[in-house]
Amino acid sequence: MNKYIERVLEETRAKNPDEKLFLQTVEEVLLSVEPLINAHPEYEKACILERMVEPERVIEFRVTWMDDQLQYHVNRGYRVQFNASLGPHKGGLRFASNVNLDTIKFLGFEQVYKDALTCLPIGGAKGGSDFSPIGRSDGEVMRFCQAFMTELYRHIGQDIDCPAGDVGVGGREIGYLYGQYRRIMGNAEMGAMSGKDIKTGGSILRPEATGFGAVYYLCEVLKHDGQDIKGKRLAISGYGNVGWGIMKKAAELGAKVTYFAGPDGYIHDPDGVVTDEKLNFILEMRAKDPMHCKPYADKFGCEFVEGKKCWGVKDVDIYMPAATQNDVNMDSAKLIAESGVKYYIEVANMPTTNDALEFLKGQKQVLVAPSKAVNACGVSVSELEMAQNAERLYWSAEEVDAQMHKIMTNIYEASVKAAEKYGLGYDLIAGANIAGFEKVAEAMMCQGIF
Ligand code: GLU
């Protein structure tokens, strides 16, 4: 291994011994950019790696709020502003009970390279809280969001840092957060938050963007192999915003999601989630109770397998993990390899453990695509929302969709080219890491010490 990478990895482990998720992504990225680091000895003198693994700023704060029974609660809020060399910090907020600083640092680190891959002028950040909106009333969610923003507002702004949604933060939460920001600031600085409702400055297609973009990326992968998405069967995990977008776009293009998994087990619908009735039912089911997908099986008379994930099913063409981090471990990876399915397209942030990823990459018949590239359309349309807000204009669905296509095709092509340039062949993971990393590193070199 390159000695510089080895040293920085050791130092990073020593400095952050308890941050397992953060160390997982740092190892994955640094090891895969080795050919780039070998080709740029000047990076070591400029401490590029040391700076890459150290956030520009870590903000941690107390959020005190009151529930419907007038009980006080205290949660922890975070914003990790990782790297703004390419533009204002940009990235989502995650509200979930398992969120801690480690989670936000891992997501923030990934966001830097994802945002760089979009070729849009945005840096990388992430934030969130260990508050979960699940089971909370609208009033409770609003009071929490207002309390959260009452602290966060001083750290963000359209040219500083523009938060958006992520797990547990959808249109409702963004609305309350942005409303409080506007109230405190006393002005309509719309570009300070993205993912807003279209009624309040949001972009058309933002809710669908991540899922749609993942399917556009998949189309490029299939095209490379002389194939079409039409007729393809997909197995996915997650049926949140992203999973739902995949189902909808796949159906529009003549493919179908025949398996999807939730926290309680997985659904097998051989006809696919293709009709409006089914797609709408999923939206309602999720709004009522995001922890159970079984009601879909009850409603449409299909199979539900309790407590299991759908990795390893054979009667599909493509797997797309779109739920959460480390969804696919070594056991699942072995089942995936045995199934004979050729495409493993990551969608959720870091859905595969590092050992499972290494194992899958080593399987000649499996093509692996990385989440950093595949899910980048969400943040891209967020940036297009910032652009629309700055222009004081709304773009049409056609305009936004055309940009989405262009961005996702560019990301795919840039990844292919970067891997080829460094003699790695057709390697979409290393290609994406190198293309994103190089853009950030070069911008840092231009800006001197920061
Ligand atoms: N949370 C999303 C992501 O992981 C979206 C971020 C954004 O729109 O800023 O990229």
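Ligands are counted one by one from 1 in listed order, and the atoms in each one are counted from 1 as well.
No side-chain donor-acceptor contact under 3.5 Å links Y422 and E34. Side-chain atoms of H73 and D67 include a donor-acceptor pair closer than 3.5 Å.
Ring pair Y43/H40 is parallel by interplanar angle, where below 30° counts as parallel and above 60° as perpendicular. Aromatic ring orientation, Y113 versus F437: parallel (interplanar angle below 30°, classes split at 30° and 60°). A parallel orientation is assigned to the rings of H405 and Y216, their planes being inclined by less than 30° (bins at 30° and 60°).
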Check: Where do K342 and D225 land on the salt bridge (charged side-chain N to carboxylate O under 4.0 Å, His left out) test, with the steps shown first?
Finding: CA-CA 11 Å; K342 191 169 169 209; D225 292 351; 3.1 Å; yes
Pick out the protein N or O atoms lying less than 3.5 Å from any N or O of ligand 1, and list each pair with its distance.
unit_1	atom_1	unit_2	atom_2	d
ligand 1	1 (N)	K126	NZ	3.3
ligand 1	1 (N)	G165	O	2.8
ligand 1	1 (N)	D166	OD1	2.8
ligand 1	4 (O)	K114	NZ	2.8
ligand 1	4 (O)	K126	NZ	3.0
ligand 1	8 (O)	R206	NH2	2.9
ligand 1	8 (O)	S382	OG	2.5
ligand 1	9 (O)	K90	NZ	2.7
ligand 1	10 (O)	Q111	NE2	3.2
ligand 1	10 (O)	K114	NZ	2.8

